[in-house]
Amino acid sequence: MTDYLITGAQLPEGSITDLLLADGRIAATGSDAADMAGARAGAQVHRIDAHGLVALPGLVDLHTHLREPGREDAETVASGTRAAAVGGFTCVHAMANTTPVADTAGVVEQVWRLGEDAGWAQVRPVGAVTVGLAGEQLAELGAMASSAARVRVFSDDGLCVHDPVLMRRALEYVKAFDGVVAQHAQEPRLTAGALMHEGIVSAELGLTGWPAVAEEAIIARDVLLAEHVGSRVHICHLSTAGSVDIVRWAKARGIQVTAEVTPHHLMLTDEAIRGYDPQFKVNPPLRTAEDVQAVRDGLEDGTIDIVATDHAPHPSEDKDCEFAAAAMGMTGLETALSVVTEAMVADDSRDFGWQDLARTMSATPARIGRVTGQGRPLAAGEPAHVTLVDPSARWTVDPAGLRTASENTPFAARELPARVMATFYRGVATVLDGQPQDGSTR
Amino acid sequence: MTSGAPARVVLSEHDISRALTRIAHEIVERNKGAEEVLLLGIPTRGVPLATRIGARIVEAEAGGLTSEDLVGTIDPTMYRDDLRRQPTRGLEPTRIPPAGLTDKVVVLVDDVLYSGRTVRAALDALSDVGRPRAVQLAVLVDRGHRELPIRADYIGKNLPTARHERVSVHLSELDDADEVVLS
Amino acid sequence: MRHLLSAADLSREEAITVLDTAATMAATQSREIKKLPALRGLTVVNLFFEDSTRTRISFEAAAKRLSADVINFAAKGSSVSKGESLKDTAQTLQAMGADAVVIRHSASGAPHRLATSGWIDAPVVNAGDGMHQHPTQALLDAFTMRRHLMPEGGAGAGLDGKRVVIVGDVLHSRVARSNVDLLHTLGAEVTLVAPPTLLPIGASTWPCRISYDLDAAIAEQAPDAIMMLRVQRERMSSAGGGFFPSAAEYSRRYGLDAARFEALPGHALIMHPGPMNRGLEISARAADSDRSTIVEQVANGVAVRMAVLYLVLAGNEGTPS
Ligand SMILES: [Zn+2]
């Protein structure tokens, strides 16, 4: 197995160091790294000059749609985790809305196994809260938790667990194995037929609106339920200014709530839909400029804990059609780091640096998902999940050039900052020089 | 568009006035009065020309004749065979005096006779509106280069031109002067 | 004019050109020979994904009176509601040599997609899309108003200073959206009247007044024209959204009954895009009065659609407007 000696990398907090990756661990840092590399008998040492690059703990995504089993035309575990590696991720949480639904130990173990076999990143399956995502009957959450996949995050994502009694039961039940329910907050009756954010633009375009209150009402209910039963709750893809206020209030009250925001909700607004381009159709929908400012503020001040991609690949025929007929969702694994850099790190008026990016895209998502060994500091003895980023690089998004099996990115032709140059997962280089290291070269 | 030769005035205000007076006389003479005559101007500049000729006829033919009965317009745009080759043309109204044109002698009036395609279109337009007894054609300038078997009955001036040359008719109703310029 | 997708895309000059052209077209329609040769040899496809015999016939008559060939493609309901087929259908029409496509679709934005997705080169005319726009309806409404309300039939004019009240289900109405845009562009003052449940969130930014009280709007505006929108009875059931409690209550509060008809200025036009629910949004008294333009609107629709087809099809091929 190859050792990697990374020299001159900047750690998230700003110091410059060398890192030696050996036997799946960070074997040494600082001046010890080169010394130990010289002393490693029989090991082949690959030197990587990382001057000018930032070293981050491998990124962890709490919200990824890998589509397998069922929609392998859109993505597979292998193609999705390969895209994840290119985006700097070493761990992804595979959402449960597959066909069949990941609501049994058998399905989650299958997905977990596919991830292990592919070897691009750690795949942590998310279990469905209810059987078939139908919102009626709890799935066998305990069996999924005890399975080889060791499921800790449960979500009916794509659909809201809207029945308050069922939500209460789920919140209580997962306490037994330190699980968490990740809620897709969408009041279904208020969003019947909804196609985009309800506001000035939807009124003009004649597209049925998805009001902010449909998200906020569910979040308000669920934080109060979590408080009542003493459970933790996680809010998926929070998208409105009102939601930020509710979560801020809940945290001040001591409620165990965590929240995520997607890269697209940090960057895009409902104005993008004026051309009826289905690439901008997503759920929850793109909101207003005020909402974008509010979620950026929330991420900066810690109200929003993490960034999660909600990577949602769709084949072209599901997007190359009328807006109403198109599928909801956009890819995100390969653009997430760049978008967060643009929206947050590059904004000098914000107190948000690489340390905050490492916290919100690696350490905290790993902690919420109870993924031991991911999101750890870059220190000797820790698992070797490392991402090297060139913060000065700029690149233009070409949908066909992305590694995901689908082309539905909303950032096509957009120039973005920061590029992932290398990713190491369990000490193995999954990406070098920005290129995925397929099979034999790895 | 400019060509090599400098612009030159080929008909002055005075020339135009004389030519129209002569055409008015010829129309009355040839049709033995103006009771049966209907002047239809082809937009844009055929319209003021028809009005001016009509006024001269009314003046000369003392009697019950009025301009409203004598002069109208016919827009041939929708009958053109080159609609898609040209920039979109706005439509001009077609105004036929209340008595209609059936059994009248219609004199089409235009500024310049060139390929003959506009007149062809106007003849088609006429046939959808009614059935005149005869149709005649009056033009201020005949510049040649016909592409259809069409000739004018009344001509202000025969003006031999090259194809690349441009004949511009200016009339005070629409432009700032009365003149015909060759450039 | 390359396409006609939304009334909001029309400048004042363009809108007046369409109305003036329509006036010329209308003048030819009282002649014995109504057919004009302008679009001879061209093919207009009526692509109707949603049933509307009235609008389809109007476009068909317009195209035929300009001597175009017409292909009617009814793709209503069935499997075509799923997206990909719009692209397939468009490419089929392209291969068949369609010179212009008139599209009606239940999905807002479908004409926009057809015009801008690269599936087809032909000009696209929106004959009504979802809850978005119905620009030829607004043009025929404006044409009808101009003819009656402006001096000398309104040639070359807008609708400056005229007051128009539009009443009914604004939320689901593409006719209301198109009319607000076009009437504002032409200088008219528009007031929308509806129960708050039938006004979209965000309508407050539109270039018009908004009122919940029809009697007050009639008294304050003294409108030159009042347009009653069709209200679907299904909208009162909870399955239909529960937008109002009952037909009787709707009619009492927002119907043009005899008393409100009497309260209108003597010259006010009574308009309706059809088909009417007599007794719900409009009384027979108002609908059948001599100030009702409801039948005339149908005739004017043909002239306006002739003008639109002429303007998108005549003129330099491929020249942007
Ligand atoms: Zn979701």
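Here is how names work: the chains are called A, B, and so on, in the same order as the sequence lines, proteins then strands, and each is numbered from 1.
- Atom CZ of C/Arg31 sits in a crowded spot, with more than 12 heavy atoms from other residues, nucleotides or ligands closer than 6.0 Å.
- Within 6.0 Å of CD on B/Glu59 lie no more than 12 heavy atoms contributed by other residues, nucleotides or ligands.
- C/Lys34 does not touch chain B: none of its heavy atoms, backbone or side chain, sits under 4.5 Å away.
- Around atom CD of C/Glu152, no more than 12 heavy atoms belonging to other residues, nucleotides or ligands sit under 6.0 Å away.
- In the displayed structure, B/Arg30 atom CZ is contacted under 6.0 Å by more than 12 heavy atoms of other residues, nucleotides or ligands.
- Taking a 6.0 Å sphere around CZ of B/Arg117, one finds it holds more than 12 heavy atoms contributed by other residues, nucleotides or ligands.
- Residues B/Val129 and C/Glu32 are not in side-chain contact: their nearest non-hydrogen atoms beyond the backbone lie 4.5 Å or more apart.
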Give the C-alpha distance, both sets of side-chain angles, the deciding distance and a yes or no for side-chain contact (heavy atoms from CB on, under 4.5 Å) between C/Met25 and B/Leu91.
CA-CA 9 Å; C/Met25 297 293 185; B/Leu91 299 182; 3.6 Å; yes
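- Atom-to-atom distance recorded for C/Leu36:CG and B/Asp128:CG is 7.0 Å, nearest 0.5 angstrom.
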Candidate pair B/Glu92 and C/Thr24, rule side-chain contact (heavy atoms from CB on, under 4.5 Å), full reasoning:
CA-CA 7 Å; B/Glu92 301 286 337; C/Thr24 307; over 6 Å; no
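- The greatest number of non-hydrogen atom pairs below 4.5 Å with chain B, out of C/Gly41, C/Ala307, C/Ala38, is found for C/Ala38.
- Annotation: B/Arg146, atom CZ; neighbour count of heavy atoms from other residues, nucleotides and ligands within 6.0 Å is above 12.
- Contact of the C/Leu39 side chain with the B/Met78 side chain is not registered, since no non-hydrogen atoms from C-beta on lie closer than 4.5 Å.
- Contacts of B/Thr77 with chain C are made by side-chain atoms alone, with heavy-atom separations under 4.5 Å and no backbone atom involved.
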